[in-house]
Number of protein chains: 2
Amino acid sequence: MAHNRTAYVILGMLSIEQNKSGYDLRKAIESSVGTFWGESYGQIYPTLKRLAAEGLIVPSSPASQPRQRRQEYALTEAGRACLREWLALPFHNDPPRNEFLLKLFFGREAAPGVEIGHIRELQRRNRRMLATLTALESAARAHPSQSPHMPFWMLTLGLGTALTRAAIEWGESALKQLSAGETAETQEPQPGEANPVDSHG
Amino acid sequence: MAHNRTAYVILGMLSIEQNKSGYDLRKAIESSVGTFWGESYGQIYPTLKRLAAEGLIVPSSPASQPRQRRQEYALTEAGRACLREWLALPFHNDPPRNEFLLKLFFGREAAPGVEIGHIRELQRRNRRMLATLTALESAARAHPSQSPHMPFWMLTLGLGTALTRAAIEWGESALKQLSAGETAETQEPQPGEANPVDSHG
DNA sequence: CGTGGCATGTAAACGGTTACATGATTTA
DNA sequence: TAAATCATGTAACCGTTTACATGCCACG
């Protein structure tokens with residue numbers, strides 16, 4: 001009765017829209033929760049089998065006779081109950097692993113310019129992320145479906161944009177600090193005092 | 001020549017302070033990069049052996065004769081070079097997996113109050129995190145060592161606090177929205193229009 | 001008819017955590 | 001001398017990714 005989290009993404013996705021194949025599910029996951037959750041086929045297909053064996057989902061419609069052509073699944077009541085149960089359980093953050101921050105932490109050991117490069121790269125990724133998120137947000141606002149899912153979806157988008165914006169702001173200030181520090185270091189040993197954090201115009 | 005990331009945390013930690021045992025390393029990791037990186041003994045001890053076999057670190061001092069008593073290690077020049085190389089490589093964010101957001105995304109299926117509970121729990125964790133980070137920050141400012149590591153360490157702290165603060169702000173507004181939505185839902189079907197996002201005091 | 005994309009699946013490897021076993025040292 | 005904790009290590013397991021194999025189908 002213990003399930004890995006892949007099982008719950010699948011149940012959740014099927015709770016939103018029935019009759020999806022493994023292929024569909026992967027696409028759906030990627031395009032909806034893709035910014036904060038990922039799944040691979042190697043995880044999805046075996047899990048589908050298991051969920052079906054346990055009766056939490058059932059094979060539905062086009063299991064067309066030829067040896068192999070898209071098998072769709074639908075959520076059963078047992079599956080829905082299982083999903084609800086899991087939703088009510090306290091969430092669990094998996095052990096933190098931020099390679100960017102790790103490299104920044106050891107920045108003293110890096111060649112000059114390396115960390116600045118990393119931060120610039122982070123800025124690029126975050127700006128792309130922000131573009132993605134705001135695109136989703138405005139798309140949602142554009143044709144305002146009255147889907148009961150919307151409030152929750154907008155909240156997830158909201159946290160995403162808030163975090164990304166905060167990271168970008170930090171990046172700007174960090175770049176200023178590091179550039180200042182680097183030129184100062186190569187020019188003069190040290191003045192009596194330094195307080196580089198106050199102009200972020 | 002391929003290393004897992006555990007190897008680099010170890011090299012990094014030894015680049016900051018030599019002569020650490022596996023036990024020391026774990027404590028050091030926990031108390032310095034612990035908020036964004038974790039390691040377990042099961043990963044540390046085998047990696048130490050491997051790094052020593054490859055000459056990136058060397059056993060140093062107290063390998064006292066009795067069968068087993070703390071074995072310390074020190075970084076070699078080869079080890080330092082290896083660390084530098086890795087630092088210069090582009091960082092790689094591992095696949096996103098945020099269980100909180102996943103549960104929030106499927107919130108429509110959850111019993112009433114469940115998501116509010118999750119957000120409150122998130123707020124608790126984030127406030128604790130913020131306390132930890134600001135404590136570290138003020139401790140650093142208190143006795144301002146001129147360690148060349150400090151600028152980088154402060155930057156990592158800065159991103160942590162920025163992200164945490166942003167998350168907390170989001171949480172406050174999210175709680176208001178959800179509470180409003182929930183009471184509205186149980187009282188009247190729907191008014192002509194709703195624009196719940198503009199007062200976040 | 002051939003190519004490219006749709007679709008399903010599996011085997012192997014990997015990185016990592018957990019739980020456990022063991023003993024040495026400190027302290028009360 | 002008993003309890004706590006310092007310290008090292010290993011075996012088993014787990015979830016996940018990667019790479020690969022396969023075959024169907026639509027389109028040019």
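Proteins come first, then strands; the chains are lettered A, B, ... in the order of their sequence lines, and each starts at number 1. For clarity, every value in this text was computed on a predicted model and none was experimentally measured.
- For the pair A/Ile44 CD1 and C/dT8 P, the computed distance is 10 Å after rounding to whole Å.
- Between the P atom of D/dG15 and the CG atom of B/Asp94 lies a distance of 18 Å, rounded to the nearest Å.
- The side chain of B/Lys27 has D/dA7 as its nearest neighbour among D/dG15, D/dA7, C/dT8.
- As a whole-Å value, the separation of A/Gln43 CD from D/dA19 C1' is 16 Å.
- For B/Asn4, counting side-chain heavy atoms from C-beta on, the closest listed nucleotide (D/dA7, C/dG15, C/dA7) is C/dG15.
- Between B/Lys176 and B/Glu172 there is no salt bridge, since no side-chain N of the basic residue sits under 4.0 Å from a carboxylate O of the acidic one.
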Table of protein N/O atoms under 3.5 Å from nucleotides 4-6 of chain D N/O atoms:
from, atom 1, to, atom 2, distance (Å)
D/dC6, OP2, B/Tyr23, OH, 3.1

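- Counting to the nearest Å, the C1' atom of C/dC14 and the CZ atom of B/Arg50 are 12 Å from each other.
- With sequence neighbours left out, B/Arg26 forms a salt bridge (charged side-chain N to carboxylate O under 4.0 Å, His left out) with no residue at all.
- Here C/dG9 presents its P atom at 12 Å from CG of A/Leu25, a figure rounded to the nearest Å.
- At the phosphate of C/dG9, OP1 or OP2 sits under 4.0 Å from a side-chain N or O atom of A/Lys49.
- Looking at residues two or more places apart in sequence or on another chain, you find no salt bridge (charged side-chain N to carboxylate O under 4.0 Å, His left out) involving B/Arg165.
- Within the 4.0 Å cut-off from OP1 or OP2 of D/dG15, not a single side-chain nitrogen or oxygen of A/Thr6 is found.
- B/Asp24 places its CG atom 6 Å from the P atom of D/dA7, with the value rounded to the nearest Å.
- Annotation: ring pair (Phe, Tyr, Trp, His ring centres under 6.0 Å) contacts of B/Trp86 (sequence neighbours excluded): B/Tyr8.
- Shown here is B/Glu121, whose CD atom has more than 12 heavy atoms of other residues, nucleotides or ligands within 6.0 Å.
- For the salt bridge (charged side-chain N to carboxylate O under 4.0 Å, His left out) test, no residue two or more places apart in sequence or in another chain qualifies with B/Arg120.
- Residues that satisfy the salt bridge (charged side-chain N to carboxylate O under 4.0 Å, His left out) test with A/Arg84, not counting sequence neighbours, are B/Glu109.
- What separates OH of B/Tyr45 from P of C/dA19 is a distance of 18 Å, to the nearest Å.
- In this structure, A/Asn19 places its CG atom 14 Å from P of C/dA7, rounding to the nearest Å.
- Judged by closest nucleotide on DNA chain D, B/Ser21 is the one of B/Pro95 and B/Ser21 placed further toward the 5' end.
- Screening residues 142-154 of chain B for salt bridge (Lys or Arg N to Asp or Glu O under 4.0 Å) gives no qualifying pairs among residues at least two apart or on separate chains.
- Contacts with DNA chain D (heavy atom under 4.0 Å) in residues 34-42 of chain A: A/Ser40, A/Gly42, listed by number.
- Note on residues 27-40 of chain B: pairs passing salt bridge (Lys or Arg N to Asp or Glu O under 4.0 Å), not counting sequence neighbours, are A/Arg97-B/Glu39.
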